[in-house]
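Computation of the quantities below employed the complete heavy-atom set of this structure, encompassing side-chain atoms and omitting hydrogens, waters and symmetry-equivalent molecules.
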Amino acid sequence: MHSLFTTPTVMIFEPSSRRSAAPARKTVPYVTPAVIAATLTCAFAAVGVSAAWTPAVAQQGIKQVAPIDTTNLNRSVAACTDFYQFANGGWLTRNPIPAAYPQWGSFMELRDNALDAAHSILDSIVTVRTTASDPTVRKLGNFYASCMDTTRIEQLGATPLKKPLAEIAAIRNAHDVTNYLIASQARAGGLLFNFGSIQDSKNSTEMIAGLYQGGLSLPDRDYYLKADEKSVGIRDAYVKHVVKLLTLAGESSAHATADAKTVLRLETTLAAASLTRVEERDPELTYNRKTPAQLAAMAPSLDWKAFYTAMRLAPNTPVTVQAPKFLTAIDSMLKATPVADWKTYFRWNKVRDAAPALSKAFVDEDFAFNQVLTGAKEQLPRYKKCLQAVDGYMGEASGKAYVDKYFTPAAKASALQMVHNLQEAFRQRLATRTWMSDSTRVGAYAKLNAFMDKIGYPDKWQDYTLLDVRPANSWYENVSAAKYFSNDDDLKKVGKPVDRTKWGMTPPTVNAYYNSSMNEIVFPAGILQPPFFDPRADDAVNYGGIGAVIGHEMTHGFDDQGAQYDAQGNLQQWFTAADLKSFKDRTAVVANQFDAYTILDSAHVNGKLTLGENIADFGGLTIAYAALEKALEGKPRPLVDGFTPEQRFFLAWAQVWRNNTRPEAARMRLTVDPHSPGLWRTNGPLSNMPEFAKAWGCKAGDPMVRPPELQAVIW
Ligand SMILES: [Zn+2]
C-alpha cells in the first residue's frame, strides 16, 4: 500500500494491522503507519461539481479560513530561495506543536478534527448501547464505553495478565514453545513474525498466505544495530522500559533486569536477520512463494502441520515468504535458544501488547518510553486514545456513522469527477514521454485505463457479527476479542476469491493510497476537505491540493515499485529492456537528489527509501499542473491576493506539507518513513519543475532551480 503520508501519531492502542490491502507489516506500538491520502477536487466550478458538496469540516461548522491565508507566508524569504519557508514561514511561527503530539501540521489538524467528529458520534452511540436495534451499533458503544471505564480498569490493575502469564509459565520444553507460538499466531498474530492473507504478487486473482519478518519492539532493525550515540541511548532507555513494565506485571526487579537483557539479545538477533526498509521495497526480492513442504525444509523446527491446522488453512496453501533469511534465522533460534529465554520473550510480548489496555501505571510507562522516541510532552486525553482504538479495531462501524453524518453522495460524485480529470491529464502526458517506446506506452495506457477508483467509503461494509464484544467484559478482554476477530477475519480470506470491495483505510482517515496488486487508487472521505479540497476555493488551489494528491496516487502505479506491476496487478515486466534502463536512469536522478537533503543540520534523507514517494509527488504535481492549465483554458485569470493561478497552485501544495516536528520524531521518521520530510516534499519536486520556475520568475542558479543536467524528467 503506497500512501500519501505516514501519520506520526503515537498510537496508544495498537490497532491490529489492516492487512487486506498490502503486504503485512504489523504496526509497532510506537508508530502507526496510518496513512493519509486524498481525493480531490477542483472542479467545483470547472467540472460542474454540485453545490451540495459539503466536506466534513464545513458541515461540522469548524472555523474555515481563506484557502490561501497570506498571513501564513514569510515574505522575508524569497520564493525562489526556499519556497517552503516563503509559503509556510508565518504558519510555522504561529503554530507550535501541541504537547501531546510529536508533530503538527495540516494532516494532524484534520485528524484531530476527525476525532472531534467521532467524539460526538460515539458519545451519542454510548447512550443507546443497550437499546439500539443494530447489534454493530451496540458493540461499538460497548467497546468505546469499556475503554472509557477507567474506574474498572484501575480496579483490575495487572489482573488481566494473570491468566496469559500463567499459560507462559506452564511451558516446559521446546515442544511447548512452538505450541505456544502457534497458538498465539492463531489468536492474535504477530508473535515473532507476521502472518496473514495476501494476493499472490504474480497471480493477483489468488489469495495466498504471506509470512513477514517481525518480532521487534523498537521501530526498526537499525535501532538494535547502529552504534551511534543516539541509538545506544534509545537502547538503554528501552532496556529500562522493559524492566519497568515487567516489574509492574509482578516480576522482582532483579528478575526483570535479567529478562530485559534476554529480550534485547533475542530482538537484536531478529533485527540482524531482518531486511532493511530499502530491501523491503523490492517486490522480486520479497516474493518467495513456497509450498508447505518447502516451508518445512526451510524451518523444520516449526510444526507446520500444526501451524496450518491452527491457522485454519487448507493443507496445500502456498505461502510467500518475505524474507527467507529471517525464517531461517527463526529456525536456528528455535534450535539454540533455551526454553527459559523463550518464556521471557513471550512474557515481554504479552505485557507490552497488553500495557495500553491496562491501568494507569502501565499506560504511563508505555507513554514514558514513547516520549523517548517521539518527544511528545504529554499524553492524549483518554477519549482521544479510545477513539483511535475504535478507529483501529471497529473503524468501518464508526466510519459508517461518520460518512452517514458528514459525507454526501454529491461529494462522492464530485471527487470521482476530479479523479477522471486527472486520469485524462495523465493519459495526455503519457503521449509526450519521448523516452518511452510505443510498445511500453501501450502497457502504460492499459494500466492507467484499468485503475479502479474508490472514493469516500466502501460500497460493502465490514461485517462485525463474529466480533465478540460484550458489555460485561473489561477493556482488556474486549481488545483481545477485537484482535482475535481481526486476525481471524484476515486468515479467512486465504484461498477465497479476491474481494475487491475491501478497503485498507477507514473512511475518516486523512490519507489516500495506491495498491499495486489491485491496481486501485483509494481516497477516504477524511481527505476530502480543506486544505486539500475547499468548495469555496478556485481551481488553482484545489488542483494544487487534492489534484496533486490524486496525481500522486496515480503516479504510484508508475513509480520504481508500482511500474513493476501490470494492468492486472501482477508483478510482471511490461517495459522493454531499453525503456526500463531509461526509466531506472531517470529515477536514479531523484534518488540522488533526495540523498543530498538533510534535516536537523546533518541527518540525511534516504533517497532509496523515499524514492517511490518522491517520484509520486513529482509526477502528481506535474499531472495536476497540466490538468489545471486545461481547466483554465479560455477563462479569466484574475490575481488573488496578488498571486496568479499558477502561483496559487504551488502555494496550495506547500501548505499541505507545512509542519513542525520534534527532533526525536523527525529522526525516527527518517529511519522508518518512506515519505520525505514536508520541507523536501515541497522544495524537492518543485525545484525539478520548469513550470514552477516560470510561475515565480526563478532564474538559473536560484536554490529552487536545479541545474538542467540534474533535473529529473520522468512522468
Ligand atoms: Zn504515496
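- Although no hydrogens or angles enter the test, the distance criterion places a donor-acceptor pair under 3.5 Å between the side chain of W680 and the main chain of T598.
- Between the side chains of T506 and D391, at least one donor-acceptor pair of N or O atoms lies under 3.5 Å.
- Here the side chains of W574 and T440 are in contact, with some heavy-atom distance below 4.5 Å.
- For the residue pair A695 and F650, the shortest heavy atom distance occurs at CB-CE1, 4.0 Å.
- Put simply, the side chain of W653 gets close to the backbone of R681: a donor and an acceptor are under 3.5 Å apart.
- To the nearest 0.5 angstrom, T374 atom OG1 is 6.0 Å from M668 atom CE.
- Of all non-hydrogen atoms in V605 and P677, the two that sit nearest each other are CG2-CD, 3.8 Å.
- With no hydrogens or angles considered, no side-chain donor-acceptor pair links Q561 and S516 at under 3.5 Å.
- The backbone N or O of Y514 sits less than 3.5 Å from a side-chain atom of E553, completing a donor-acceptor pair.
- Side-chain contact between T268 and R235: absent, with no pair of heavy atoms (C-beta onward) separated by less than 4.5 Å.
- Side-chain contact between S687 and Q593 is present, with heavy atoms from C-beta onward closer than 4.5 Å.
- Inspection of the R586 and S582 side chains reveals an N or O donor paired with an N or O acceptor under 3.5 Å.
- Residues forming a side chain to side chain contact (heavy atoms under 4.5 Å, CB included) with A237 (at least two apart in sequence, or on another chain): F369, V372.
- Side-chain N or O atoms of R277 include one that pairs as donor or acceptor with a backbone N or O of V672 at under 3.5 Å.
- You'll find the side chain of L373 reaches within 4.5 Å of the side chain of Y223, heavy atoms only.
- Between E664 and K230 no salt bridge is recorded (no basic side-chain N to carboxylate O distance below 4.0 Å).
- With a 6.0 Å radius and a threshold of 12 heavy atoms from other residues, nucleotides or ligands, K581 has its NZ atom at or below the threshold.
- Considering every non-hydrogen atom in both A323 and L275, the closest pair reads CB-CG, 3.7 Å.
- In terms of modelled atom types and a separation under 3.5 Å, the side chain of D559 and the main chain of G562 share a donor-acceptor contact.
- Put simply, the side chain of Q322 never gets that close to the backbone of G210: no donor and acceptor are under 3.5 Å apart.
- In this structure, E613 contributes its side chain and T610 its backbone to no donor-acceptor pair below 3.5 Å.
- For the pair W91/Q655, no side-chain contact is recorded, criterion being any heavy-atom separation below 4.5 Å from C-beta on.
- By the 4.0 Å N-to-carboxylate-O rule, E206 lies close enough to R289 to be salt-bridged with it.
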Verify side-chain hydrogen bond (donor to acceptor under 3.5 Å, both in side chains) between N203 and T205, making sure each step is shown before the conclusion.
CA-CA 6 Å; N203 177 14; T205 59; 2.9 Å; yes

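- Side-chain N/O atoms of N614 and S676 include a donor and acceptor closer than 3.5 Å.
- Open room surrounds NZ on K226; 12 or fewer heavy atoms of other groups in view lie less than 6.0 Å from it.
- Across all their heavy atoms, L422 and A624 have their closest contact at CD1-CA, 3.8 Å.
- Proximity of F649 to E691: side-chain heavy atoms (C-beta onward) are nowhere separated by under 4.5 Å.
- For the atom pair CZ (R500) and CE (M518), the distance works out to 5.5 Å, reported to the nearest 0.5 Å.
- Of the possible donor and acceptor atoms, one in the side chain of N519 sits under 3.5 Å from a partner among the backbone N and O of K447.
- Aromatic ring centres of W657 and F107: separated by under 6.0 Å.
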Would you sort out whether F532 and V656 count as a side chain to side chain contact (heavy atoms under 4.5 Å, CB included), showing the intermediate values?
CA-CA 7 Å; F532 297 96; V656 162; 3.6 Å; yes

List the steps and the verdict of side chain to side chain contact (heavy atoms under 4.5 Å, CB included) for R221 and T276.
CA-CA 7 Å; R221 71 195 293 280; T276 66; 3.6 Å; yes

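- No side-chain heavy atom of I615 sits under 4.5 Å from any side-chain heavy atom of F558.
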Derivation and outcome, side chain to side chain contact (heavy atoms under 4.5 Å, CB included), residues T622 and M689:
CA-CA 8 Å; T622 306; M689 293 177 71; 4.1 Å; yes

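- F326 and F193 have their aromatic ring centers separated by at least 6.0 angstrom.
- Annotation: side chain to side chain donor-acceptor pair (under 3.5 Å) contacts involving residues 706-715, sequence neighbours excluded, are absent.
- Ion pair R658/E109 flagged as a salt bridge, since at least one NZ, NE, NH1 or NH2 atom sits closer than 4.0 Å to an Asp/Glu carboxylate oxygen.
- The aromatic rings of F692 and F83 stand perpendicular to each other, their planes meeting at an angle above 60°, with 30° marking the opposite boundary.
- Expressed to the nearest 0.5 Å, how far OG1 of T320 lies from CG of L211 amounts to 9.0 Å.
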Starting from the C-alpha separation in whole Å, work towards a yes-or-no answer on side chain to side chain contact (heavy atoms under 4.5 Å, CB included) for N659 and M108.
CA-CA 9 Å; N659 74 90; M108 303 310 296; over 6 Å; no

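- Residues T555 and F618 have side chains not in contact (no heavy-atom distance under 4.5 Å, counting atoms from C-beta outward).
- Residues D438 and R441 are paired through a salt bridge, judged by an N-O separation under 4.0 Å between the basic side chain and the carboxylate.
- Side-chain atoms of N95 never come within 3.5 Å of backbone atoms of W104 as a donor-acceptor pair (strictly under, hydrogens ignored).
- Panel note: side chain K454, backbone K502; a donor-acceptor pair is recorded below 3.5 Å.
- When the options D82, L686, N688 are evaluated for a side chain to side chain contact (heavy atoms under 4.5 Å, CB included) with M704, the one that passes is L686.
- Expressed to the nearest 0.5 Å, how far CG of L216 lies from CG of L266 amounts to 11.0 Å.
- Taking OG of S217 as the reference point, atom OH of Y224 lies at 4.5 Å (rounded to 0.5 Å).
- Checking Q103 against R669 by side-chain atom types alone, a donor-acceptor pair falls below 3.5 Å.
- Atoms CD1 and OG, from I208 and S197 in turn, are 10.0 Å apart once rounded to the nearest 0.5 Å.
- Across all their heavy atoms, A272 and K325 have their closest contact at O-NZ, 4.3 Å.
- When every heavy atom of Q294 is checked against every heavy atom of K290, the shortest pair comes out as OE1-CA, 3.2 Å.
- In terms of the salt bridge (charged side-chain N to carboxylate O under 4.0 Å, His left out) criterion, K608 has no residue partners (sequence neighbours excluded).
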